[in-house]
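What's counted below: heavy atoms across the whole structure, side chains too, no hydrogens, waters or symmetry copies.
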Amino acid sequence: MANFLRIRRGRIGPAEVGLPIGPGRRRTPGLRREELAALAGVSVDYYTRIEQGRETAPSDSVLDALARALKLTGDEHAHLLALADRAAGRTPRRRPLAVQPPRPGLLLLLESVRPSPAYVLDPVNDVLAANPEGLALMPGLGDWPAGQRNTIRYTFLHPAARTVFADWDRVARNCVAHLHTAELDAPEPAAALVAELSAASAEFAALWRRHDVWVKRGGETAFLHPVIGPLTLTNEVLTAGGDRQRLLLYQAAPGTAEHDALVLLAMQTSEGALQPRAK
């Protein structure tokens, strides 16, 4: 919590919150502690204790005021509250639950949306199941053992990812921002994945230290695929009820060149059964 607040304070300048910059050079990037404390309506000493980790149980009203002063997004505000629960040793507002195997209905849905590539993911983006096009869209993902398949691991550690994602930097930032939210829902799997990727990728470690937070809900992803060439697909992320699983679906409108490319991708894949991850 203290680290998150410190990073966010350093990213917002006085002009963004209506404060005068004043004469001379500012030695502090972003807001000073006293400026943020004034904006949030708390004493400088109290805010300093929070940021130094000496005050671990600020009230929700204080956290809400800090979120407003820092102009946090809804995702970032929720993340701050969850970090505060952890710091205070309180019962999390989102209690971690065990991830269940994909339901038969989800596996049927993966088949139904073909040729659209689709995946069932757990909170840390382990691939619980995928249709053939899903594995083919990310070359090499299907070559990994089922228990190793993870779209964040793929993004940072598989050499093909640097080419297949046309805007790799944006995809990488999205992955890390999502993983920051997942560490509160699935702390142990998230910690293990963070440790692995931090040791293996300096780029991941640098992005992790930025503490960006947002929930991926959909958008567009550009690919440069070795079989079907360049294409941009829309993506949707759907939550599968209370099972803590998400359906990630890439799609294109029928009649477009992108949809024709997905049909070609489907023709290149084997017609075998879906591949749920072994537990």
Determine, step by step, whether Leu5 and Leu80 satisfy the side chain to side chain contact (heavy atoms under 4.5 Å, CB included) criterion, reporting the C-alpha distance in whole Å, the side-chain angles of both residues, the deciding distance to 0.1 Å, and the verdict. CA-CA 8 Å; Leu5 288 170; Leu80 175 61; 4.0 Å; yes

Check against salt bridge (charged side-chain N to carboxylate O under 4.0 Å, His left out), Glu196 and Arg153: CA-CA 9 Å; Glu196 174 193 348; Arg153 178 183 289 116; 2.8 Å; yes

Step by step, would you call Val62 with Ile50 a side chain to side chain contact (heavy atoms under 4.5 Å, CB included)? CA-CA 11 Å; Val62 169; Ile50 295 174; 4.2 Å; yes

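Under the 4.5 Å side-chain contact rule for hydrophobic residues, Val44 and Val17 do not share a cluster. Val227 and Leu233 fall within the same hydrophobic cluster, defined by Ile, Leu, Val, Met, Phe, Trp and Tyr side-chain heavy atoms under 4.5 Å apart, directly or through other members. When the side chains of ILVMFWY residues are joined at heavy-atom separations under 4.5 Å, either directly or via intervening members, Leu36 and Leu81 end up in a single hydrophobic cluster. Follow the hydrophobic side-chain contacts under 4.5 Å out from Leu19 and you reach Val42 in the same cluster. Linking ILVMFWY residues whenever their side-chain heavy atoms come closer than 4.5 Å, directly or via other members, places Phe204 and Leu157 in the same cluster.
Between His180 and Trp208, the gap from one ring centroid to the other is short of 6.0 Å.
A cation-pi geometry, defined here as NZ or CZ lying under 6.0 Å from the six-membered ring centre and within 45° of its normal, does not hold between Arg149 and Trp144.
Judged by distance alone, with hydrogens and angles left aside, the side-chain atoms of Ser198 form a donor-acceptor pair with the main-chain N or O of Val194 at under 3.5 Å. Looking at Tyr119, its side chain never comes within 3.5 Å of a backbone N or O of Arg246 through a donor-acceptor pair. Formation of a donor-acceptor pair under 3.5 Å by the Asn150 side chain with backbone atoms of Val124 is found in this model. The backbone N or O of Pro123 sits less than 3.5 Å from a side-chain atom of His178, completing a donor-acceptor pair. With hydrogens and angles ignored, the 3.5 Å screen pairs a side-chain donor or acceptor of Asn235 with a backbone N or O of Gly219. Judged by distance alone, with hydrogens and angles left aside, the side-chain atoms of Trp214 form no donor-acceptor pair with the main-chain N or O of Thr181 at under 3.5 Å.
Counting only heavy atoms from C-beta outward, the side chains of Leu137 and His225 approach each other to under 4.5 Å. Two residues are said to be in side-chain contact when any heavy atoms from C-beta on lie closer than 4.5 Å; Asp260 and Leu264 fail this criterion. Taking 4.5 Å as the limit, some side-chain heavy atom of Asp212 sits within range of a side-chain heavy atom of Arg8. Counting heavy atoms from C-beta outward, Leu106 and Leu128 have side chains that stay 4.5 Å or more apart.
Taken from OG in Ser43 to CD in Glu34, the straight-line distance is 12.0 Å, to the nearest 0.5 Å.
Classification of Asp45 and Arg49 as a salt-bridged pair holds, one side-chain N sitting under 4.0 Å from a carboxylate O. Salt bridge present: Arg33 and Glu51 bring a charged side-chain N and a carboxylate O closer than 4.0 Å.
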